[in-house]
Chemist: 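Below are the C-alpha cells for one structure; questions will follow.
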Amino acid sequence: MCHVIVTCRSMLWTLLSIVVAFAELIAFMSADWLVGKARSGGGAEPAGPGGGSPEPYHPTLGIYARCIRNPGMQHFQRDTLCGPYAESFGEIASGFWQATAIFLAVGIFILCMVALVSVFTMCVQSIMKKSIFNVCGLLQGIAGLFLILGLILYPAGWGCQKAIDYCGHYASAYKPGDCSLGWAFYTAIGGTVLTFICAVFSAQAEIATSSDKVQEEIEEGKNLICLL
C-alpha cells in the first residue's frame, strides 16, 4: 500500500530539484552566454529612419547557438535571428565548448532524471532498502561535478575564431575581450550552486520522511501523512 508522505523539507527538495533541472536546461539551450560588442548592422543594411545609421545592437553567442540581427528586418519588432550556428556536434566552434556541451548534457540529464523521480518520493521512499532521497542526493552531487567541469572548460574556448568574431581580437582563453557575460552563464552557475544545495538538502528530506512521527502515523493506518 502506498503511504503518501508530504513534509515541508521533502516538498521543498522536490521543488528545488525541478527548478534546478529546468534552469540548467534553459541556460544550456540559450544563446546568451556571451554578449558581443555593439554593432551598427553593417553597410549592407538599409539606413534607419531619416537616413540615419541603423541602431546598434549586441549579438549574442552560446555554446552552439547565436542571435544576430536579420539584415532585412531591422525596422520590425522582432529583428533578430536566433538559432544554432552548428548543424552538427563537430561544428561547435571550440573543442573546449564541445567538452562543455558533453559535461553539461550529462549533468542536465542526471538532474532531469532526479527531478522526475523526486515527484514520486511522496509515495515511494525506498527501493531495494535504499533511500531514494539519499540516492538522488548522491546523483545530484555527481551532476554538480559534471556541471562544474563544463563551466570551467567553457571560458577556455573564448580564444576560438567564433568568439573572436563576436568579442574582438583581444578575446582569448578566460578573457572575453569586448564581450560581457550573458544571463545564461550566470544562470548555469546559480543552477550549479543550487544543485549542491539540493544534494545536501536531500538528507534533510530523508530525515523528515523517516521520523518517528511519520512511523506513528503509518502504524495508525493513515495513507496520507502531511507534516510541517
Side-chain angles (χ1 to χ4, degrees), residues 9-10 12-35 60-67 82 84-86 88-121 131-160 162-163 166-167 171-176 179-206:
R9 281 178 282 184
S10 63
L12 180 59
W13 173 77
T14 298
L15 292 176
L16 282 177
S17 297
I18 295 173
V19 168
V20 165
F22 273 103
E24 289 289 348
L25 181 60
I26 292 173
F28 178 71
M29 297 175 62
S30 172
D32 291 289
W33 285 70
L34 282 176
V35 179
T60 59
L61 179 65
I63 298 172
Y64 66 91
R66 56 89 181 102
C67 285
C82 295
Y85 67 81
S88 64
F89 181 78
E91 292 182 2
I92 293 178
S94 167
F96 290 109
W97 288 2
Q98 292 176 354
T100 294
I102 292 174
F103 284 126
L104 292 185
V106 172
I108 292 170
F109 176 78
I110 295 174
L111 290 179
C112 288
M113 292 300 100
V114 171
L116 180 63
V117 172
S118 69
V119 176
F120 298 97
T121 56
S131 168
I132 290 183
F133 294 103
N134 291 340
V135 172
C136 286
L138 177 61
L139 290 175
Q140 286 175 325
I142 294 174
L145 294 177
F146 278 107
L147 296 177
I148 286 178
L149 288 173
L151 291 174
I152 290 175
L153 289 175
Y154 171 69
W158 290 346
C160 69
K162 192 76 172 178
Y166 279 70
C167 305
S172 60
Y174 296 97
K175 295 181 180 179
C179 283
S180 59
L181 298 177
W183 65 264
F185 182 76
Y186 292 112
T187 300
I189 292 177
T192 302
V193 173
L194 283 177
T195 296
F196 286 105
I197 292 176
C198 285
V200 174
F201 205 71
S202 65
Q204 297 299 316
E206 161 63 18

Chemist: Between atom CG of Leu149 and atom OG1 of Thr192, what is the distance when rounded to the nearest 0.5 Å?
Modeler: 10.5 Å
Chemist: Looking at Phe201, I'd like to know if its CZ atom is crowded, meaning that more than 12 non-hydrogen atoms belonging to other residues, nucleotides or ligands lie closer than 6.0 Å.
Modeler: yes
Chemist: Can you confirm whether more than 12 heavy atoms, excluding those of Met29, are under 6.0 Å from its CE atom?
Modeler: no
Chemist: So, Gln140 and Ser202: side-chain donor and acceptor under 3.5 Å apart, yes or no?
Modeler: no
Chemist: Report yes or no: does Tyr85 contribute a side-chain atom to a donor-acceptor pair with the main-chain N or O of Ile92 at less than 3.5 Å?
Modeler: no
Chemist: Please give me the minimum heavy-atom distance between Ala23 and Thr187, naming the atom from each residue.
Modeler: O-CG2, 3.7 Å
Chemist: Kindly give the heavy-atom pair with the smallest separation between Ala156 and Ala173, and that separation in Å.
Modeler: O-CB, 3.6 Å
Chemist: Would you mind reporting whether Phe196 and Ile148 have side-chain heavy atoms less than 4.5 Å apart?
Modeler: yes
Chemist: Look up atom CH2 in Trp97 and atom CD1 in Ile63, then write down how far apart they are to the nearest 0.5 Å.
Modeler: 8.5 Å
Chemist: Measuring from Thr60:OG1 to Trp33:CH2, what's the distance to the nearest 0.5 Å?
Modeler: 13.0 Å
Chemist: Backbone N or O of Ile26 within a donor-acceptor pair of the Ser30 side chain at under 3.5 Å?
Modeler: no
Chemist: Quick one: pull up CG in Leu151 and CZ in Phe185 and give me the separation to the nearest 0.5 Å.
Modeler: 6.0 Å
Chemist: Let me confirm one number: the CD-CG distance from Gln98 to Leu153, rounded to the nearest 0.5 Å.
Modeler: 12.0 Å
Chemist: Between Glu24 (side chain only) and Gly107 (backbone N and O only), is there a donor and an acceptor less than 3.5 Å apart?
Modeler: no
Chemist: So Met113 and Leu139, side chain to side chain contact (heavy atoms under 4.5 Å, CB included) or not? Walk me through it.
Modeler: CA-CA 9 Å; Met113 292 300 100; Leu139 290 175; over 6 Å; no
Chemist: Do Val135 and Ser131 have side chains that approach each other closer than 4.5 Å (heavy atoms only, starting at C-beta)?
Modeler: no
Chemist: What closest approach, in Å, do Pro176 and Leu34 show between heavy atoms, and which atom pair accounts for it?
Modeler: CB-CD2, 4.4 Å
Chemist: Do Arg66 and Tyr166 touch side chain to side chain, with heavy atoms closer than 4.5 Å?
Modeler: yes
Chemist: Counting only N and O atoms by type, is there a donor-acceptor contact under 3.5 Å from the side chain of Trp158 to the main-chain atoms of Ala163?
Modeler: no
Chemist: Once you measure the plane-to-plane angle for Tyr64 and Phe28, does it fall in the parallel (<30°), tilted (30-60°) or perpendicular (>60°) bin?
Modeler: tilted
Chemist: State, yes or no, whether a side-chain contact exists between Phe89 and Ile102 at a heavy-atom distance under 4.5 Å.
Modeler: yes
Chemist: Please report the C-alpha distance between Cys136 and Trp13 in whole Å, then the side-chain angles of each, then the deciding distance to 0.1 Å, and finally whether the side chain to side chain contact (heavy atoms under 4.5 Å, CB included) criterion is met.
Modeler: CA-CA 11 Å; Cys136 286; Trp13 173 77; 3.6 Å; yes
Chemist: Within the side chain of Ser17, is there an N or O that forms a donor-acceptor pair under 3.5 Å with the backbone of Ala115?
Modeler: no
Chemist: Calculate, to the nearest 0.5 Å, the distance between atoms CG and CG belonging to Leu181 and Asp32 respectively.
Modeler: 11.5 Å
Chemist: Count the heavy atoms belonging to other residues, nucleotides or ligands that lie under 6.0 Å from CZ of Phe22, then report whether that count exceeds 12.
Modeler: no
Chemist: Is it the case that more than 12 heavy atoms not belonging to Tyr174 sit under 6.0 Å from its OH atom?
Modeler: yes
Chemist: Which of these passes side chain to side chain contact (heavy atoms under 4.5 Å, CB included) with Leu147: Val106, Ile189, Val20, Leu104?
Modeler: Leu104
